[in-house]
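Not measured: the values here are computed from a predicted model. Each ligand, and each atom within it, is numbered from 1 in the order the structure gives.
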Amino acid sequence: MKKGYFVTFEGCEGVGKSTQINFLKEYLEQTGQQAYFTREPGGVEISENIREIILNPKYTNMTDKTEMLLYASARAQLMAEDIIPKLDNGETVFCDRFIDSSYAYQGYARGLGIENVKRINEYVVEGYMPDLTIFIDLSPDKSFRRKNKNVILDDRLEQESLDFHMQVYNGYKEAERLSNGRVISVVPCEEKQDTFEKILKVLRDRDIIK
Ligand code: TMP
């Protein structure tokens, strides 16, 4: 029986998701609040190894279905080994990316269909859906401009075109629409700290943190 809160963070590449997660980690440490942080794909050894395969730029021939099933496999292992036992134990779990990444990237941008991705992932998550998903709502045409042009895009997904990443963004908006209020959009501010204040408010309003 799930007792702890499960919160996931989502967003397109380069929107400052990792920065915000690090702010949250620091804030919780400083205020003496316990929580567990993990990420997808990865988090445990088998899933980190699956991550290496998925993101390896040399696998240009990986099919969309293979990609979707590898993400689902990495998720199944992380759930069984780590997230489900922690939630059952009453811990609060924060995960950097989760099922909505599969909806947006594989279901929508790759064109496999959100419904198909949902069916497979329902089998994987066994009812342990996030209580809340914070979507950092910045479209790639804005975030890519913010990024240093000399930055080397070194994984297989990052190397996709701006068009692909715009489709990912549209996929997230569709996933948000279908989520019955689970997904909450947070539009980032100029100042990272102001964005963080918005995130804190969402989490406090739901009594997930103090
Ligand atoms: P990261 O770099 O944010 O850790 O994520 C790795 C990449 O994997 C990122 O491009 C998003 C992508 N991804 C999917 O396409 N589907 C998924 O289900 C997950 C979890 C991530």
Side-chain angles (χ1 to χ4, degrees), residues 6-22 24-25 37-44 46-60 62-79 81-83 93-125 128-130 133-140 143-144 147 151-176 178-179 183 188:
F6 184 23
V7 179
T8 58
F9 285 87
E10 296 283 359
C12 295
E13 323 278 331
V15 298
K17 186 165 50 65
S18 309
T19 305
Q20 294 301 325
I21 292 171
N22 283 331
L24 180 63
K25 219 183 268 182
F37 287 82
T38 189
R39 71 158 179 183
E40 271 221 280
V44 291
I46 292 172
S47 310
E48 288 290 337
N49 282 316
I50 296 172
R51 177 188 177 95
E52 294 286 312
I53 296 171
I54 304 174
L55 299 181
N56 192 328
K58 86 174 179 206
Y59 296 137
T60 50
M62 186 182 291
T63 73
D64 295 344
K65 272 192 197 166
T66 304
E67 181 182 283
M68 187 260 280
L69 292 167
L70 285 175
Y71 279 113
S73 305
R75 182 164 301 135
Q77 188 65 32
L78 178 67
M79 291 302 282
E81 218 180 292
D82 218 7
I83 293 181
V93 175
F94 291 100
C95 192
D96 182 352
R97 297 193 180 281
F98 195 64
I99 203 164
D100 298 284
S101 285
S102 288
Y103 294 160
Y105 284 78
Q106 285 69 51
Y108 200 93
R110 295 287 195 218
L112 294 177
I114 289 182
E115 264 312 307
N116 291 327
V117 175
K118 194 171 176 197
R119 241 180 320 119
I120 289 182
N121 276 276
E122 268 167 2
Y123 178 59
V124 168
V125 305
Y128 285 77
M129 279 296 281
T133 297
I134 294 177
F135 170 53
I136 307 214
D137 189 344
L138 187 66
S139 78
S143 65
F144 277 32
K147 264 198 164 176
V151 82
I152 299 160
L153 299 176
D154 54 5
D155 85 38
R156 203 171 54 81
L157 275 283
E158 281 177 343
Q159 286 175 355
E160 288 287 346
S161 64
L162 179 58
D163 274 0
F164 174 82
H165 289 287
M166 285 306 292
Q167 285 306 308
V168 171
Y169 179 76
N170 293 336
Y172 271 127
K173 297 305 282 182
E174 181 66 6
E176 179 188 1
L178 298 170
S179 78
V183 177

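- For atom 15 (O) of ligand 1, the closest non-hydrogen atom on the protein side is Q106 NE2, 2.9 Å.
- In this structure, E176 pairs ionically with K173, as a charged nitrogen and a carboxylate oxygen lie closer than 4.0 Å.
- Residue contact annotation: R39 has no non-hydrogen atom under 4.0 Å from ligand 1.
- The structure places CD of E40 at 10.5 Å from CD of E48, a figure rounded to the nearest 0.5 Å.
- Closest non-hydrogen pair, M79 versus V124, comes out as CG-O, 4.4 Å.
- The N/O atoms of D96, backbone and side chain alike, include none that comes under 3.5 Å of an N/O atom in ligand 1.
- Each of the following atoms of ligand 1 lies closer than 4.0 Å to a heavy atom of R51: 1 (P), 2 (O), 4 (O).
- Under a 4.0 Å criterion applied to the non-hydrogen atoms of K17, ligand 1 contributes the atoms 3 (O).
- Protein heavy atom at the shortest distance from atom 14 (C) of ligand 1 is Y71 CZ, 3.1 Å.
- At the shortest separation from atom 3 (O) of ligand 1 among protein heavy atoms lies R97 NE, 2.7 Å.
- Where the criterion is an N or O separation shorter than 3.5 Å, residue side chain and backbone included, E67 fails it with respect to ligand 1.
- For atom 10 (O) of ligand 1, the nearest non-hydrogen atom of the protein is E13 OE2, 2.6 Å.
- When only interatomic distances are considered, the shortest N/O to N/O separation between R75 and ligand 1 falls below 3.5 Å.
- Under 4.0 angstrom from ligand 1, there are no non-hydrogen atoms of E158.
- Proximity of the aromatic rings of Y105 and Y71 is defined here by a centroid distance below 6.0 angstrom, and this criterion is not met.
- Listed by number with element, the atoms of ligand 1 under 4.0 angstrom from any heavy atom of S102 are 16 (N), 17 (C), 18 (O).
- Considering every non-hydrogen atom in both G171 and A104, the closest pair reads C-CB, 3.9 Å.
- For the atom pair R110 CZ and K65 NZ, the distance stands at 14.5 Å (nearest 0.5 Å).
- Side chains of E10 and S101: a donor-acceptor N/O pair is present below 3.5 angstrom, by distance only.
- Interatomic distance, E52 CD to Y59 OH, rounded to the nearest 0.5 Å: 10.0 Å.
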